[in-house]
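The structure appears right after this line, and notes come after that.
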Number of protein chains: 2
Amino acid sequence: MIIQIDLSSDEPIYLQIRSQVVHGVATGELQAGDALPSVRSLATDLGVNMHTVNKAYAVLRDEGYVAMRRGRGVMVADRAASLTPEAHSLDRDRLADDLLKLALEHRARGGSREEFLSLAIEQAAAAYGVAPGTTPGTTSNPASNPTKR
Amino acid sequence: MIIQIDLSSDEPIYLQIRSQVVHGVATGELQAGDALPSVRSLATDLGVNMHTVNKAYAVLRDEGYVAMRRGRGVMVADRAASLTPEAHSLDRDRLADDLLKLALEHRARGGSREEFLSLAIEQAAAAYGVAPGTTPGTTSNPASNPTKR
DNA sequence: TAGTTGTTATAGTGCTACTAGAACAATTGG
DNA sequence: CCAATTGTTCTAGTAGCACTATAACAACTA
């Protein structure tokens, strides 16, 4: 998996790395067991410090996305195996919270509910890599997202 | 309008203030022309420094939500009047971007597209203060949101 | 004129992001 | 076993942001 960062971005480097790994997990480009570049090699590739990459990986480890073992490296974890119902409920609450914030700001800007929902449907389709109308299975829909952006 | 802050929160104080004003604008609790507490008085009420409130108001001014004039105070702006089509398009792009991020993270956590969309519909309804089934007008739906949370 | 308001300037504290160098411990492969 | 690689931990420094603190200045109101 190719990881790229934007040094001029406001977003911290370690969060950019995190986002891209999460993105890879979401699209299926990264499967459980896949090896990720080592802390040192990725740091060299990106031209950043070792500790910055280490922090990104540590966050991903705390979130259950990867497993780190010294001497062996970093690999994608089987997140489904370590998912407690409480954790899922927390994720759901956080998502609901974030969606509410977006909807409120959209309304404050004069946007309509319909516009918000049509964008939500559009972006959900992009994230899941399907046409907005279809109803695919939930599991594994590898990469292939020829969306704009 | 009553503004409250949580000093123990991770979110910066000035952004907490901003969010609550935006929330007020969204629900209609704050109408164009309404006066907001002065920088100094709100700072005293909240127990924070004047500059913290000033920064919050400055952000709101830059976003077009309020107008500040020295000697007179701060009032809610008529945002619709100062909304260029380009600005609206930018807002839309940002929202789409944020929604895509949320959808991708949701998928990375193993969540389904259907779950994401049902939450989006639910929270949009909460933000617009209507039952999820109805199709109300876009404009003015004052406060009244007896949702959980 | 006096009081209130936003505006600006300087300065200090604490925290986070990032960099830097170094050493240590577990694991792997020759 | 030995050397290389990997994650882990430590100390330390720079830069920027959030917040506080004083103070002065400028525009508006009563």
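Only this structure's heavy atoms are used, side chains among them; waters, hydrogens and symmetry mates stay out.
Ion pairing of B:Arg79 with B:Glu63 is absent here, as no side-chain N (NZ or NE/NH1/NH2) approaches a carboxylate O to less than 4.0 Å.
Checked by distance alone, B:His51 brings a side-chain donor or acceptor within 3.5 Å of a matching partner on the base of D:dT22.
Regarding B:Arg61, its CZ atom lies at a distance of 12 Å from the C1' atom of C:dT8, rounded to whole Å. Rounded to an integer number of Å, the gap from CD1 of A:Ile13 to P of C:dA20 is 11 Å. B:Met68 has its CE atom 14 Å from the C1' atom of C:dT4, to the nearest Å. We find that CG of B:Leu46 is positioned 14 Å from C1' of D:dC19, with the value rounded to whole Å. We find that CG of A:Asp10 is positioned 15 Å from C1' of C:dC18, with the value rounded to whole Å. Residue B:Met50 contributes atom CE, which lies 13 Å from atom P of D:dA24 at whole-angstrom precision. Separating the CG atom of B:Asn49 from the C1' atom of C:dT13 is a distance of 13 Å, rounded to the nearest angstrom. Atom CZ of A:Arg18 is separated from atom C1' of C:dC18 by 19 Å (rounded to the nearest Å).
Across all strands shown, A:Arg40 has heavy atoms under 4.0 Å from base atoms, whether or not it also approaches the sugar-phosphate. Nucleic acid contact for A:Tyr14: sugar-phosphate only, since backbone atoms but no base atoms lie under 4.0 Å from a heavy atom of the residue.
Taking side-chain N and O atoms only, A:Thr52 has a distance below 4.0 Å to OP1 or OP2 of C:dT19. The side chain of B:Lys55 contributes no N or O atom lying less than 4.0 Å from OP1 or OP2 of D:dC19. OP1 or OP2 of D:dT6 lies within a sub-4.0 Å distance of a side-chain N or O belonging to A:Ser38. For the OP1/OP2 pair of C:dT28 and a distance below 4.0 Å, the side-chain nitrogens and oxygens of A:Arg72 include at least one atom meeting the criterion.
Map B:Ser41 and A:Gly71 each onto its nearest nucleotide of DNA chain C; the residue landing nearer the 5' end is B:Ser41. For A:Arg70 and B:Val39, each mapped to the nucleotide of DNA chain C holding its nearest heavy atom, the one lying further toward the 5' end belongs to B:Val39.
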Side chain to side chain contact (heavy atoms under 4.5 Å, CB included) for A:Asp34 and A:Leu36? Distances and angles first, verdict last.
CA-CA 7 Å; A:Asp34 285 358; A:Leu36 287 172; over 6 Å; no

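Side-chain contact between A:Asp6 and A:Ile13 is absent, with no heavy-atom pair separated by less than 4.5 Å.
Ring orientation note: the planes of B:Phe116 and B:His106 are tilted relative to one another, at an angle of 30° to 60°.
Counted by atom type alone, A:Ser38 and A:Ser41 present one or more donor-acceptor pairs between their side chains at under 3.5 Å.
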